[in-house]
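Working notes, beginning with the structure itself.
One-based numbering along the sequence shown.
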Amino acid sequence: MAHPVDVHVGKRIRHRRWLVGMTQQQLAEHVGIKFQQIQKYETGANRVSASRLWDIADALDVPVSFFFEGIEAEDGDVAAKSESVPADILGDKEALDLVRSYYAIPENQRRRLFELARVLSDVA
């Protein structure tokens, strides 16, 4: 049985890979392993070593800490997230498409869009 931390890290690897539009094969080639190993990491079937997680973080352009974000909320140690936001938000195709589109916008316009969204969410 997979350890919950391994499953969480695997989900974060998969979500970030999807977010940047990278295939399992591309990530595997960047890290120097077979794509089947990436599959096992993403399902939590295999644990990711510290050095391999470092390489994956480099390939996906995130800090290693990214893969552990939100783990306390899953264990119930931190207050529950808002009921209006799904626990696995990047598992939702619409949310993933929205995030990809957001990052395709030039940075100065993206900041203005972000501020608009923040204001609109405060009003709702």
Side-chain angles (χ1 to χ4, degrees):
M1 184 170 172
H3 191 282
V5 172
D6 298 325
V7 172
H8 179 84
V9 168
K11 284 181 182 179
R12 299 289 289 174
I13 292 170
R14 183 182 68 236
H15 289 153
R16 179 62 184 175
R17 180 179 59 76
W18 284 348
L19 187 63
V20 299
M22 188 180 285
T23 66
Q24 288 178 336
Q25 181 66 39
Q26 290 168 327
L27 178 56
E29 287 172 4
H30 193 282
V31 175
I33 58 176
K34 304 266 187 207
F35 81 92
Q36 291 92 337
Q37 188 61 42
I38 296 295
Q39 288 177 326
K40 292 176 183 179
Y41 290 154
E42 290 183 356
T43 61
N46 283 9
R47 290 186 171 164
V48 185
S49 70
S51 58
R52 183 65 43 81
L53 192 58
W54 182 271
D55 292 340
I56 291 170
D58 181 58
L60 297 175
D61 197 29
V62 291
V64 172
S65 61
F66 169 84
F67 301 110
F68 298 96
E69 291 174 1
I71 201 159
E72 298 88 8
E74 285 185 10
D75 292 339
D77 295 340
V78 175
K81 295 179 185 178
S82 169
E83 290 181 19
S84 64
V85 178
D88 188 16
I89 192 154
L90 291 181
D92 177 48
K93 183 176 177 354
E94 183 180 14
L96 186 60
D97 288 343
L98 179 63
V99 171
R100 282 186 178 145
S101 297
Y102 174 80
Y103 280 104
I105 298 170
E107 186 176 354
N108 62 339
Q109 293 174 350
R110 192 170 61 225
R111 289 179 195 267
R112 293 192 333 221
L113 179 60
F114 178 78
E115 290 304 320
L116 173 63
R118 182 179 285 167
V119 169
L120 290 174
S121 70
D122 289 343
V123 172

Is it possible for you to say whether Val7 and Val64 belong to one hydrophobic cluster, with membership spreading through side-chain heavy-atom contacts below 4.5 Å? no
Tell me the closest heavy-atom pair linking [X] and [Y], and the distance in Å.
{"X": "Ala57", "Y": "Pro63", "value": "CB-C, 4.2 Å"}
{"X": "Leu53", "Y": "Ile13", "value": "CD1-CD1, 4.3 Å"}
{"X": "Arg16", "Y": "Asp61", "value": "NH2-O, 3.5 Å"}

Donor-acceptor check, side chain of His30 to backbone of Gln26, threshold 3.5 angstrom: yes or no? no
His8 side chain vs Glu69 backbone, donor-acceptor pair below 3.5 Å: yes
Less than 3.5 Å apart, any donor N or O on the side chain of Tyr41 or Arg14 sitting next to an acceptor on the other? no
Output the distance between atom [atom1] ([X]) and atom [atom2] ([Y]), rounded to the nearest 0.5 Å.
{"X": "Arg12", "Y": "Leu60", "atom1": "CZ", "atom2": "CG", "answer": "11.0 Å"}
{"X": "Ile38", "Y": "Glu29", "atom1": "CD1", "atom2": "CD", "answer": "10.5 Å"}
{"X": "Gln109", "Y": "Leu116", "atom1": "CD", "atom2": "CG", "answer": "13.0 Å"}

Going by heavy atoms in the side chains, are [X] and [Y] under 4.5 Å from each other?
{"X": "Phe35", "Y": "Thr23", "result": "no"}
{"X": "Leu113", "Y": "Ile105", "result": "yes"}
{"X": "Leu98", "Y": "Glu94", "result": "no"}
{"X": "Ile56", "Y": "Phe67", "result": "yes"}

Under a 4.0 Å threshold between the charged nitrogen and the carboxylate oxygen, would Glu107 count as salt-bridged to Arg111? yes
Would Leu96 and His15 satisfy side-chain contact (heavy atoms from CB on, under 4.5 Å), going step by step from the backbone distance to the final call? CA-CA 9 Å; Leu96 186 60; His15 289 153; over 6 Å; no
Can you sort out the partners of Arg112 under side-chain hydrogen bond (donor to acceptor under 3.5 Å, both in side chains), two or more places apart, ordered by chain and number?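 Not a single residue meets the side-chain hydrogen bond (donor to acceptor under 3.5 Å, both in side chains) criterion with Arg112.
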Would Arg110 count as a cation-pi partner of Tyr103, with NZ or CZ less than 6.0 Å from the six-membered ring centre and within 45° of the ring normal?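 Output no; distance or angle outside limits.
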Listing request: all salt bridge (charged side-chain N to carboxylate O under 4.0 Å, His left out) pairs with a residue in residues 38-47, at least two apart in sequence or in separate chains.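 Found Asp6-Arg47, Arg17-Glu42.
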